[in-house]
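Scroll down for the structure; my scribbles are underneath it.
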Amino acid sequence: LTEKLNIRYPIIQAGMAGGPTTPELIASVSNAGGLGMLGAGYMTAEKIEDAIKKIRLLTDRPFGINLFVPETPEWNEEKIRKSNEMLRPIREKLNLPDPGTIARPDPGQFLNQMEVVLESDVPVCAFTFGIPEKKIVERLKNRGIAVIGTATTADEAILNEKAGMDMVVAQGSEAGGHRGSFAAGFEMSMIGTMALVPQVADQVGIPVIAAGGIMDGRGVLAALVLGAQAVQMGTAFLACSESGAGRLYKEALLQSVETETTITSGFSGKPARGIQNAFIRMTRAVEDQLPDYPIQNALTRDIRQAAANRQDPEWQSMWSGQGIRLISEGSAADLIGQIISDVEKISKSILSY
Ligand SMILES: Cc1cc2nc3c(=O)[nH]c(=O)nc-3n(C[C@H](O)[C@H](O)[C@H](O)COP(=O)(O)O)c2cc1C
């Protein structure tokens with residue numbers, strides 16, 4: 001995998017949509033020998049193009065773009081009305097006006113994103129929430145772009161391999177943020193990384209990238225022993241100095257422990273793991289009646305942005321994985337350096353038994 005991606009270390013910084021993956025973070029990871037990845041799922045084609053230019057000014061090493069395979073949500077006016085009703089007291093607290101109508105999800109956005117990736121010849125393109133059309137996978141591969149899919153079960157990994165993906169992320173239930181489940185439903189796909197990685201590795205011939213709860217050298221080594229050829233880490237990079245996560249979000253990450261993350265659909269209509277707060281508690285009772293992703297995500301956008309601007313941790317999403325207690329401050333290069341030296345130390349001590 002490191003040869004195919006032309007990287008020194010088998011460490012991929014997860015594409016994290018919504019702002020954490022700044023050009024500075026991506027370039028630092030790639031310059032330190034890992035693979036930086038832009039979380040571009042929510043970005044317009046123009047913003048992606050701009051970010052690619054900025055990344056290229058900061059590094060000549062490979063990096064990737066992570067995109068969301070579009071879904072076909074049900075547009076249900078009644079659910080939208082009920083969701084806005086539930087959100088009204090929060091909007092009042094934050095002095096936000098009643099929302100106007102939100103735009104329907106635009107399926108054209110994904111195709112525009114794809115064109116930018118293809119035209120910019122970015123070395124790696126990763127997908128989550130499903131598998132893109134065959135034509136897209138073929139076009140990427142014809143341009144020499146390595147294609148990575150996401151799986152949360154062995155069956156999803158097999159589907160990724162059949163679709164021509166060059167490698168697949170095996171994403172355990174410890175992972176922060178939204179997971180890529182697309183075949184068996186959310187409940188059935190809550191498999192921990194320790195159980196998922198070897199089962200996926202046995203079922204596919206393409207390289208496996210382990211993700212979910214991997215925070216340090218111990219986690220990286222364990223993932224490699226389980227049959228992965230690389231790891232993808234999200235939460236561990238969030239508190240790095242180059243990350244775009246806000247100050248309060250970073251503080252919450254540094255202060256929280258493993259019992260404080262939970263799964264919620266309240267923010268987006270799709271289950272995701274984040275730090276417990278008032279918003280999650282308030283939406284808990286009705287979260288299975290909310291509009292589909294990404295409609296609910298669009299409905300809560302004004303609230304999440306206002307809370308972030310006010311530095312209010314109670315009403316914004318603070319995605320995090322279960323490895324949260326292991327987060328430390330520092331630069332991305334420090335984190336990668338520490339991981340590599342720990343992997344060397346631990347493997348030596350294990351071999352000396
Ligand atoms: C803040 C945040 C945002 C994320 N956004 C994305 C995303 O846009 N695309 C994606 O494929 N995965 C996303 N993920 C999941 C990561 O790719 C990765 O699987 C996960 O972070 C691994 O678990 P860890 O957080 O315990 O390291 C996100 C994770 C976090 C924490």
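All heavy atoms count here, side chains included; hydrogens, waters and symmetry mates do not. Remember, it's 1-based here, ligands and their atoms both numbered in the order they're listed.
The heavy atom nearest to atom 29 (C) of ligand 1, out of those in Pro20, Ala17, Gly176, is found in Gly176. Of the candidates Ser173, Gly213, Gly149, the one placing a heavy atom closest to atom 26 (O) of ligand 1 is Gly213. The heavy atom nearest to atom 20 (C) of ligand 1, out of those in Ala175, Gly18, Gly19, is found in Ala175. Among Ala40, Gly212, Gly39, Gly15, the residue whose heavy atom sits closest to atom 6 (C) of ligand 1 is Gly15.
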Checklist entry - Between Ser317 and Arg304, does a side-chain hydrogen bond (donor to acceptor under 3.5 Å, both in side chains) hold up when you go through it step by step? => result CA-CA 7 Å; Ser317 52; Arg304 290 180 284 116; 4.6 Å; no

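Interface atoms of ligand 1 facing Met233, defined by a heavy-atom separation under 4.0 Å, are 27 (O). Atoms of ligand 1 lying under 4.0 Å from any heavy atom of Met16, numbered from 1 in the order shown and given with element: 1 (C), 2 (C), 3 (C), 4 (C), 5 (N), 6 (C), 8 (O), 28 (C), 29 (C), 30 (C), 31 (C). Heavy-atom proximity to Gln232, at under 4.0 Å, picks out these atoms of ligand 1: 17 (O), 18 (C), 19 (O).
Residue contacts with ligand 1: Ala14 is included, with a non-hydrogen atom under 4.0 Å away. Look at Phe68 and you'll find a heavy atom under 4.0 Å from some atom of ligand 1. The shell of residues lying under 4.0 angstrom from ligand 1, judged by heavy atoms, excludes Ala236. Ligand 1 lies within reach of Asn66, whose nearest heavy atom is under 4.0 Å from it.
Here's the thing with Thr235: one of its N/O atoms is less than 3.5 angstrom from an N/O atom of ligand 1.
Contacts of Gln171 with ligand 1, taken as heavy-atom pairs under 4.0 Å, involve the side chain alone. At a heavy-atom cutoff of 4.0 Å, ligand 1 is contacted by the side chain of Tyr249 but not by its backbone. Counting heavy atoms under 4.0 Å from ligand 1, residue Thr128 touches it through the side chain alone.
Between Arg81 and Glu78, at least one side-chain nitrogen of the basic residue sits less than 4.0 Å from a carboxylate oxygen of the acidic one, meeting the salt-bridge criterion. Salt bridge annotation for Glu71-Lys270: present, with a cationic side-chain nitrogen under 4.0 angstrom from a carboxylate oxygen.
A ring-centre distance under 6.0 Å is found for Phe279 and Phe267. A ring-centre distance under 6.0 Å is not found for Trp319 and Tyr249.
For the ring pair (Phe, Tyr, Trp, His ring centres under 6.0 Å) with Phe68, the lone residue among Phe127, Tyr42, Phe110 that qualifies is Tyr42.
Here the side chains of Asn277 and Met318 are in contact, with some heavy-atom distance below 4.5 Å.
Using modelled atom types and a 3.5 Å distance limit, the side chains of Glu287 and Thr283 yield no donor-acceptor pair.
The hydrophobic clustering, which links ILVMFWY residues whose side-chain heavy atoms are closer than 4.5 Å, places Met167 and Val204 apart.
Given atom 21 (O) of ligand 1, the protein heavy atom at minimum distance is Gly234 CA, 3.3 Å.
A distance of 5.5 Å separates CZ of Arg179 from CD of Gln171, quoted to the nearest 0.5 Å.
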